[in-house]
Amino acid sequence: MATSMGCLLMLCLVSPLLLATSVHGNPWYGYGYGLFPQFYDHSCPKAKEIVQSIVAQAVARETRMAASLVRLHFHDCFVKGCDASVLLDNSTTIISEKGSNPNMNSLRGFEVVDEIKAALEAACPGTVSCADILALAARDSTVLVGGPYWDVPLGRRDSLGASIQGSNNDIPAPNNTLPTIITKFKRQGLNIVDVVALSGGHTIGMSRCTSFRQRLYNQSGNGMADYTLDVSYAAQLRQGCPRSGGDNNLFPLDFVSPAKFDNFYFKNILSGKGLLSSDQVLLTKSAETAALVKAYADDVNLFFKHFAQSMVNMGNISPLTGSQGEIRKNCRRLNNYYH
């Protein structure tokens with residue numbers, strides 16, 4: 001019995017780590033979609049350089065923009081695939097995803113994307129998609145604040161529509177249960193390793209009071225704080241996040257090193273100082289996700305390796321390729337735009 005329990009525990013620890021390589025296979029899982037890093041090498045040789053330069057300027061102006069651009073790619077890919085649908089503004093034919101619950105008054109970085117697109121249109125008109133801009137900007141942002149580099153598979157095309165329903169329903173929410181979060185990832189072809197590794201993107205960036213208030217005052221409907229939240233950390237958060245009002249007050253997702261891409265996010269979770277419910281449940285609600293939290297807290301290189309691979313996996317969600325969709329000239333509207 002002791003031996004079999006030992007094996008079970010070892011499985012809990014080992015299986016998620018194996019998943020990262022075994023499920024998604026070699027590092028270029030997803031090339032079958034027709035995406036590859038050299039896609040623009042002949043048609044727009046300076047594309048990557050142009051994106052990197054403008055992202056670097058934007059992050060130098062405001063460090064928080066790095067997290068905003070990573071999140072923009074995430075919120076794009078989880079709705080209809082990585083097709084830049086999230087960038088479309090309202091029009092007579094489009095109900096913008098920008099008005100959805102996860103995005104309204106929250107998603108940002110659109111002006112940086114506009115700036116990148118204008119520069120790319122000047123250099124190589126009608127060539128580089130808005131969807132690929134989002135994928136490159138997310139990678140460049142990660143590197144600029146100390147995170148891992150990865151080669152970004154390219155060749156996505158831009159959608160001809162948006163889905164506010166998809167945005168409301170498919171993006172994991174801060175108060176979702178862990179099974180719901182895992183299900184939302186699985187629907188996109190992503191696994192448990194992707195859930196935990198991509199959650200590690202919360203090592204940078206800010207969250208609004210409205211996203212975690214229930215943890216401070218009424219987690220289970222009994223008027224009590226979330227018992228998994230460190231008491232002194234909760235008291236500190238209450239000072240800037242009252243029971244009512246202050247919805248848009250901002251707090252770092254990683255209070256130790258909010259501007260640096262590292263593994264303190266996971267170390268914070270281990271000490272009961274994950275900000276969002278969706279962060280803390282990775283430790284408290286599943287042995288498999290908890291094993292990964294501990295592994296990443298112990299080994300920043302393992303986290304970086306898995307995060308890079310999971311970003312490639314996420315970037316491979318249902319891209320439009322070949323003659324599907326279009327290459328938008330302006331990321332905010334379709335080429336045959338009518339007011």
Side-chain angles (χ1 to χ4, degrees), residues 16-31 35-39 47-49 51-56 58-60 63-78 82 109 112 132-154 156 185 190-205 252-254 256-269 279 282 289 291-317:
L17 309 187
L18 290 176
L19 265 174
T21 47
S22 64
V23 171
H24 290 312
N26 69 56
W28 297 125
Y29 173 86
Y31 268 22
L35 305 182
F36 54 98
Q38 303 81 14
F39 190 85
K48 294 175 196 170
E49 195 182 309
V51 175
Q52 199 279 337
S53 164
I54 294 170
V55 171
V59 172
T63 313
R64 183 186 169 207
M65 187 53 70
S68 299
L69 291 170
V70 172
R71 186 166 180 251
L72 201 47
H73 182 41
F74 178 71
H75 282 218
D76 179 38
C77 291
F78 265 67
C82 309
V112 178
D132 279 343
I133 290 172
L134 292 177
L136 286 167
R139 189 273 313 276
D140 293 338
S141 293
T142 301
V143 172
L144 282 160
V145 290
Y149 176 93
W150 62 93
D151 285 322
V152 178
L154 300 165
R156 300 167 191 80
F185 271 74
L190 301 175
N191 66 27
I192 294 274
V193 174
D194 299 314
V195 171
V196 184
L198 291 173
S199 294
H202 286 173
T203 176
I204 53 173
L253 286 154
D254 164 8
V256 176
S257 55
K260 188 168 190 299
F261 200 101
D262 54 28
N263 64 342
F264 269 102
Y265 166 80
F266 297 104
K267 294 179 180 182
N268 296 341
I269 289 174
D279 297 326
L282 296 174
T289 58
L292 282 161
V293 169
K294 289 167 188 162
Y296 296 157
D298 285 342
D299 185 349
V300 70
N301 293 322
L302 181 70
F303 166 48
F304 276 21
K305 181 183 168 194
H306 286 191
F307 182 81
Q309 181 61 55
S310 290
M311 286 296 283
V312 172
N313 298 340
M314 184 181 81
N316 286 334
I317 299 171

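Hydrogens, waters and symmetry mates are skipped; everything else that's a heavy atom, side chains included, is used. Residues: numbered from 1 along the sequence shown.
Remark: Pro252 engages Met206, Phe255, Pro258 in a side chain to side chain contact (heavy atoms under 4.5 Å, CB included) (not counting sequence neighbours). Annotation: side-chain hydrogen bond (donor to acceptor under 3.5 Å, both in side chains) contacts of Thr63 (sequence neighbours excluded): none.
Using cut-offs of 30° and 60° on the angle between ring planes, the pair Phe74 and Phe185 is tilted.
Taking CG of Asn313 as the reference point, atom SG of Cys77 lies at 11.0 Å (rounded to 0.5 Å). Here Met65 contributes atom CE and Ile204 contributes atom CD1; the two are 11.5 Å apart, rounded to the nearest 0.5 Å. Put simply, CG on Asp262 and OG1 on Thr203 are 4.0 Å apart, with the number rounded to the nearest 0.5 Å. To the nearest 0.5 Å, atom OH of residue Tyr149 and atom CZ of residue Arg139 are 4.0 Å apart. Separating the CG atom in Leu292 from the CD1 atom in Ile192 is a distance of 8.0 Å, to the nearest 0.5 Å. Note that NZ of Lys294 is 9.5 Å distant from OG1 of Thr289, once rounded to the nearest 0.5 Å.
Annotation for Gln52 and Asp140: closest pair CA-OD2, 3.3 Å, computed over non-hydrogen atoms. Counting all heavy atoms, side chain and backbone alike, Asp194 lies closest to Ser310 at OD1-OG, 2.6 Å. The nearest pair of heavy atoms linking Ile133 to Val51 is O-CG1, 4.5 Å. Counting all heavy atoms, side chain and backbone alike, Pro153 lies closest to Val312 at CG-CG1, 4.0 Å. Closest heavy-atom contact between Cys82 and Met314: SG-O, 3.2 Å. In terms of heavy-atom proximity, Val112 sits nearest to Leu69 at CG1-CD1, 4.2 Å.
Side-chain contact between Leu190 and Val195: absent, with no pair of heavy atoms (C-beta onward) separated by less than 4.5 Å. The closest side-chain heavy-atom distance from Asn263 to Phe304 is not below 4.5 Å. Counting heavy atoms from C-beta on, the side chains of Tyr265 and Leu253 never come closer than 4.5 Å. Between Pro37 and Leu154, every side-chain heavy-atom pair lies at or beyond the 4.5 Å cut-off. Counting only heavy atoms from C-beta outward, the side chains of Val70 and Met311 approach each other to under 4.5 Å. Under the 4.5 Å side-chain criterion, counting only non-hydrogen atoms from C-beta, Thr142 is in contact with Pro148.
Of the possible donor and acceptor atoms, one in the side chain of Asp299 sits under 3.5 Å from a partner among the backbone N and O of Leu302. With Lys267 contributing its side chain and Asp298 its backbone, the two residues share no donor-acceptor pair below 3.5 Å. Under the 3.5 Å distance criterion, the side-chain polar atoms of Ser141 are matched with a main-chain donor or acceptor of Ala137. With hydrogens and angles ignored, the 3.5 Å screen pairs a side-chain donor or acceptor of Asn268 with a backbone N or O of Phe264. With hydrogens and angles ignored, the 3.5 Å screen pairs a side-chain donor or acceptor of Asp132 with a backbone N or O of Arg156.
Residues Phe307 and Tyr296 keep their aromatic ring centres 6.0 Å or farther apart. A ring-centre distance under 6.0 Å is found for Phe303 and Phe261.
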Task: Working for side-chain hydrogen bond (donor to acceptor under 3.5 Å, both in side chains), residues Asp254 and His202 - done: CA-CA 7 Å; Asp254 164 8; His202 286 173; over 6 Å; no
